[in-house]
Amino acid sequence: MDFQLSDDQRALRSGMRDLLDAVFDRDRMRAAVERGGTLDRSLWRELGAAGFFALRLPEEAGGVGLGLPEAVLLFEEAGRALLPGPLVATHLAAGLVKGAADGEAVVTAVDGDLPVAHLAESDAVLVGADALVGEPLRAFVAAARPVRSMDPLTPLHRTGAAGVGAAPAGARAVAGPPGARAATERTTAHAERIRFEGALLTAAEQLGSAARTTETAVQHAGDREQFGSPIGSFQAVKHLCADMLARTEPARAAVYAAAVTGDPVEIAAAKLLADEAAVRNARDCLQIHGGMGFTWEADVHLHLKRAWLRSAARLGGAAAEELLAAGLGAARPYPGSSAASGRGAPEAGGGG
C-alpha cells in the first residue's frame, strides 16, 4: 500500500499553512498571549470559511466531504502554528452544534476530570456524544471556577464534571422500550468514536508542534555562533537535533497510519509517540536556545507548555498505555506461530 500523500493532500496542507501564516502570524500569536488566550472570533470564522471545521461533513450537509487523513494534515498545521482554541472539539461538533461547522460557534469539551479549556467563551460543551447548550450550559459555566493554566493561550476552568451525563451512583439498568438498548449501544459507540478521533487530532497537533520546534532548533543552531563557529557544528548540538528528528518522523508515520485505519490501539500508540515528540523536542529546542530559550520573548516555552497540556488530554499517557497493552495482549498470532497452527504453548503467569 502507498501511504505517500497525494497531490491533493499536499495542496490542502500547503493551503492551510499559507492561510495560518496570513491570519495567525507571530505578531497575532503574541497579541493573543497578551489577551490571556481570549479567542479571536474573526479568526474562528475565517477557519470556518476555509472548511477547517466542516472538513469531514458530507457535501450534502454543507461540508467538504473529506476524511480523517485530511483532517490530520490540517491539525498538524494548527499545532505547528500554535493556533489557540478548542479546535478539536469544534471540529468534532460540526453537524451536531449549530454554527460549529462554519466557525460561528465555539465548542469545547469535557475530558474526564481535567479542567475545561476556553469554557467562558464557548457556545456549547461536548459531553461524550451530546452537547450542552442554552440553560444547561449556563448552569454548567456558573458552577465552574477558573484555575491557573500553564499555557497563556489556554484559559482553564475546573468544573468537577467527571460525572456529567453519567447515571447516578447506584442506579440500576432497567428494561426499556424495544430498541432502547440498541439506541444506547449506538450512542456509546458514537461517544467512543468521538473520543478516539479527538485523541488522534490532538496527536496531530502534537506532531505539528514537534516538527516546528525541530525546525526552530536547527535554524538557531545554524545562526548562533560561539567560538567563531555555528553551534550546530558542535557534536552535542548535532545529536540533540538528530534526536528531535528521530522522534518526529516515527510519530508522523504512526499518526498518518492511525488516520487511515482509525484503529483505537493504533491511535493510542500514535498519541504516545506524538506526546513524547512534542514534549521532548520542545525541551531540547529550549536547551539549544540556551538562556534566551527561557525568556518570555522567545516562543519555545509556549510550545513546551502547550505540549504538556495536550499530553495530559484526550487519551493521556496512562490511558493510552493501558489501551495499547490490552491491544497487544489480544493481538492475533503471526502466521506460522504455534498459536496460529493450533499447537499447544506453555501458559505464562500464575493467574490473579
Side-chain angles (χ1 to χ4, degrees), residues 13 16-17 20-21 24-34 37 72-85 87 149-154 201-227 229-256 270-314 316-317:
R13 182 174 63 181
M16 180 53 60
R17 182 172 299 191
L20 293 179
D21 286 343
F24 196 69
D25 57 14
R26 187 178 186 277
D27 290 341
R28 295 194 185 189
M29 186 264 286
R30 279 293 171 170
V33 171
E34 296 304 319
V72 157
L73 297 177
L74 297 195
F75 276 84
E76 182 183 349
E77 291 303 314
R80 183 180 182 276
L82 266 182
L83 193 62
L87 300 163
S149 173
M150 71 176 71
D151 177 14
L153 286 166
T154 309
L201 296 177
T202 303
E205 290 182 296
Q206 293 282 63
L207 171 62
S209 180
R212 182 59 174 265
T213 50
T214 301
E215 296 167 6
T216 302
V218 171
Q219 180 178 354
H220 182 77
D223 294 340
R224 176 71 171 170
E225 292 190 1
Q226 284 288 354
F227 310 110
S229 300
I231 63 173
S233 65
F234 304 144
Q235 190 175 42
V237 176
K238 289 180 181 179
H239 284 180
L240 285 175
C241 292
D243 287 344
M244 293 171 73
L245 184 65
R247 284 189 290 265
T248 301
E249 292 310 310
R252 185 188 309 280
V255 169
Y256 287 6
K271 181 64 161 55
L272 284 171
L273 287 171
D275 285 343
E276 180 186 29
V279 171
R280 294 186 63 183
N281 282 16
R283 295 181 69 168
D284 284 352
C285 183
L286 194 150
Q287 179 74 21
I288 290 170
H289 276 71
M292 67 176 292
F294 289 88
T295 63
W296 185 256
E297 290 75 15
D299 296 337
V300 183
H301 69 96
L302 297 175
H303 277 279
L304 179 57
K305 292 168 181 175
R306 184 75 64 84
W308 274 331
L309 276 186
R310 290 197 194 111
S311 65
R314 295 187 180 277

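The CD atom of E76 sits 12.0 Å away from the CD atom of Q206 when rounded to the nearest 0.5 Å. Expressed to the nearest 0.5 Å, how far CZ of R224 lies from NE2 of H289 amounts to 10.5 Å. Atoms NZ and CD1, on K238 and I288 in that order, are 13.0 Å from each other to the nearest 0.5 Å. Rounded to the nearest 0.5 angstrom, L82 CG and F24 CZ are separated by 7.0 Å. One distance of note links CG of L304 with CG of L309; it measures 10.0 Å at 0.5 Å rounding. Put simply, CZ on R26 and CG on D21 are 14.0 Å apart, with the number rounded to the nearest 0.5 Å.
Between A274 and A203, the closest heavy-atom pair is CB-O, 3.4 Å. Minimum interatomic distance between P250 and L245 (heavy atoms only, all atoms of both residues): CD-O, 4.2 Å. In plain terms, the two heavy atoms of S209 and R310 that are nearest each other are CB-NH1, 4.1 Å. In plain terms, the two heavy atoms of L272 and G317 that are nearest each other are CD2-O, 3.7 Å. The two residues T213 and C285 come nearest to each other via the heavy atoms O-SG, 3.5 Å. Residues M150 and W308 share a closest heavy-atom pair of SD-CB, 3.5 Å.
Distance alone, capped at 3.5 Å, places no donor-acceptor pair between the R280 side chain and the A210 backbone. Under the 3.5 Å distance criterion, the side-chain polar atoms of R306 are matched with a main-chain donor or acceptor of L83. Within the 3.5 Å criterion, the main-chain N or O of T154 finds a donor-acceptor partner in the side chain of S149. Side chain of E77 to main chain of G208: no donor-acceptor pair is present (N/O by atom type, distance under 3.5 Å, no hydrogens or angles). With hydrogens and angles ignored, the 3.5 Å screen pairs a side-chain donor or acceptor of N281 with a backbone N or O of M244.
Within the 4.5 Å cutoff, the side chain of L73 has no heavy atoms near those of the M16 side chain. Counting heavy atoms from C-beta on, the side chains of L87 and E205 come closer than 4.5 Å. Proximity of H220 to I231: side-chain heavy atoms (C-beta onward) are separated by under 4.5 Å at one or more points. Side-chain contact between D299 and R30: present, with at least one pair of heavy atoms (C-beta onward) separated by less than 4.5 Å.
Residue-environment remark: CZ (R13) exceeds the threshold of 12 foreign heavy atoms within 6.0 Å.
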Handout entry: Verdict with reasoning, H303 to T216, per side-chain contact (heavy atoms from CB on, under 4.5 Å)
Key = CA-CA 11 Å; H303 277 279; T216 302; 5.9 Å; no

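A salt bridge is defined here as a Lys NZ or Arg NE, NH1 or NH2 lying under 4.0 Å from an Asp or Glu carboxylate O, and R80 with E215 meets this definition. Between D243 and R247 there is no salt bridge, since none of the side-chain N atoms of the basic residue sits less than 4.0 Å from a carboxylate O of the acidic one.
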